[in-house]
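Worksheet: one structure, shown below.
Note on naming: letters A, B, ... go to the chains in the order of the sequence lines (proteins, then strands), and numbering restarts at 1 for each one. Atom set for the values below is all heavy atoms of this structure, side chains included, hydrogens, waters and symmetry mates excluded.
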There are 2 protein chains.
Amino acid sequence: MARNGQEAVAEAKRSLPDLIVLDIMMPKMDGIEACRIMRTMPEFKNTFMVFLTARSEEYSEIAGFNVGADDYIAKPIKPRALVSRINAILRRNAPAEDVTDNKLEIGDLVIDREAYLVFQRGEKVVLAKKEFELLYLLASKPGKVYTREVILKNIWEDSVVVTNRTIDVHIRKLREKLGDDVVATVKGVGYKFEG
Amino acid sequence: MARNGQEAVAEAKRSLPDLIVLDIMMPKMDGIEACRIMRTMPEFKNTFMVFLTARSEEYSEIAGFNVGADDYIAKPIKPRALVSRINAILRRNAPAEDVTDNKLEIGDLVIDREAYLVFQRGEKVVLAKKEFELLYLLASKPGKVYTREVILKNIWEDSVVVTNRTIDVHIRKLREKLGDDVVATVKGVGYKFEG
DNA sequence: CGTAACATTTAACAATTTGTTAACATTTGC
DNA sequence: GCAAATGTTAACAAATTGTTAAATGTTACG
């Protein structure tokens, strides 16, 4: 159980749960912000996020859904009721068949998150962890430009502070291994995957 | 997981499970009806059917048993408790001769969970318990990378606290006994079985 | 019960890989 | 052409894993 938004994001990245319950009034970073950030991360693509709040404010409700929440539960609620509500959410959102195979196939690349492997035209390419994460992030939404800031938030722990330019070096290594065409520079903005 | 009685029957016919848990209050066709129907089908002759219900009503209980249920579990019940209850039912109804052989054959290995034995190209290899568990876990999904955290959760009791690095030593012993190619390191992530 | 044999865990250090930075070169858009 | 942004390189720092040995637990057996 995380006590604030920052902890929530950190712990969620570590344990990758199927469902996250966010209290809107957590200190430091609130639940809405945590949700917004997690929604930009590919590993939470299939995670359900539910808001829990004491006040039934219109604002909270609207803001929560806008950042990608899947449901909304009003406090006070008895623990048992909360559990059954959560079960209901999981049930109604259960995938028909769970064939979720974390493979990403784009262009001449196959990115297998489970095996931590990348194949290019059938050839195995060995990437270091940060390189892999970077590629996976960009490739999870081909064409979308990721600013260095967003990339940092996604791939680095919150506590770690690194120069923006570090990303450039990792990009360079990706290009070295996969060819210059894989990642495109958008000057003044960031990088994007080229499908 | 089926969401109602009709689905339950359909899915059961498809997958022919050893045990079916029926919720009495499923919509459309309730669990009792599902049980009655399945009991008339020859393919479910040896299938155990267990009822799960929220209310401990006499009616449910009696009606359930009358249609051929094998046991009855009252809700609320914690998932873990449910699992152990189910295991108990399966165990006490286990056929005299357990012909289930949990043999895993991968590459030049044969991993026999029942006998706790590993053969490599026909040669018996003796592994300690932890080594065996570790190999079995990794081999159960070749290619998939297991983080140390996941490995710990799977092989060690929840109460036991051990250093991550303990795993490294067991990996080393596995490599010593089976060769370096069996388990691959994914730096920064974990280990995986190499098919 | 004690002991030997074995299994498990930890700690320490070495080896290796990966990540980061800084400096300088190059490119880009105005 | 100029300034800002990015590319490139290599040195250094940090993190991760490999390896070994010793300490601690556990089990089987006389």
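When heavy atoms are screened at a 4.0 angstrom cut-off, B:T163 is found touching the sugar-phosphate backbone but no base atom. Contacts of B:V161 with the nucleic acid, taken as non-hydrogen atoms under 4.0 Å apart, involve only primed sugar atoms and P, OP1 or OP2.
In summary, the aromatic rings of B:Y116 and B:F132 are positioned with their centroids under 6.0 Å apart.
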Could you walk me through whether B:T185 and B:R175 pass the side-chain hydrogen bond (donor to acceptor under 3.5 Å, both in side chains) test, one step at a time?
CA-CA 11 Å; B:T185 302; B:R175 286 174 174 159; 2.8 Å; yes
What's the verdict on salt bridge (Lys or Arg N to Asp or Glu O under 4.0 Å) for A:R172 and A:E176, showing C-alpha distance, side-chain angles and the deciding distance?
CA-CA 6 Å; A:R172 151 126 183 74; A:E176 198 170 81; 2.6 Å; yes
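For B:L127 and B:N164, each mapped to the nucleotide of DNA chain C holding its nearest heavy atom, the one lying further toward the 5' end belongs to B:L127.
If you measure from atom OH of B:Y116 to atom P of D:dT27, you get 13 Å, rounded to the nearest angstrom. Per the geometry, CG belonging to A:D181 stands 14 Å off P belonging to D:dG7, to the nearest Å. The distance from atom NZ of B:K130 to atom C1' of D:dT26 is 12 Å, rounded to the nearest whole Å.
Taking 4.0 Å as the cutoff to heavy atoms of chain A, we find the contact window on DNA chain C bounded by C:dT18 to C:dT28.
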Distances under 3.5 Å between nitrogen or oxygen atoms of protein and nucleotides 12-18 of chain D:
residue: D:dT16; atom: O3'; partner: B:G188; partner atom: N; Å: 3.3
residue: D:dT16; atom: O2; partner: B:K187; partner atom: NZ; Å: 3.1
residue: D:dT17; atom: OP1; partner: B:R148; partner atom: NH1; Å: 3.4
residue: D:dT17; atom: OP1; partner: B:G188; partner atom: N; Å: 2.9
residue: D:dT17; atom: OP2; partner: B:R148; partner atom: NH1; Å: 2.8
residue: D:dT17; atom: OP2; partner: B:R148; partner atom: NH2; Å: 3.2
residue: D:dT17; atom: O5'; partner: B:R148; partner atom: NH2; Å: 3.3
residue: D:dG18; atom: OP1; partner: B:R175; partner atom: NH1; Å: 2.7
residue: D:dG18; atom: OP1; partner: B:T185; partner atom: OG1; Å: 2.8
residue: D:dG18; atom: OP2; partner: B:Y191; partner atom: OH; Å: 2.6
residue: D:dG18; atom: N7; partner: B:R165; partner atom: NH2; Å: 2.8
residue: D:dG18; atom: O6; partner: B:R165; partner atom: NH2; Å: 3.1

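Enclosure of atom NZ in B:K130 by more than 12 non-hydrogen atoms of other residues, nucleotides or ligands within 6.0 angstrom is indicated.
For the salt bridge (Lys or Arg N to Asp or Glu O under 4.0 Å) test, no residue two or more places apart in sequence or in another chain qualifies with A:D180.
Residues A:R113 and A:S140 bring no donor and acceptor atom of their side chains to less than 3.5 Å of each other.
Judged purely by atom type and a 3.5 angstrom limit, B:K177 uses its side chain to pair as donor or acceptor with the backbone of B:V126. Side-chain N or O atoms of B:T147 include one that pairs as donor or acceptor with a backbone N or O of B:V150 at under 3.5 Å.
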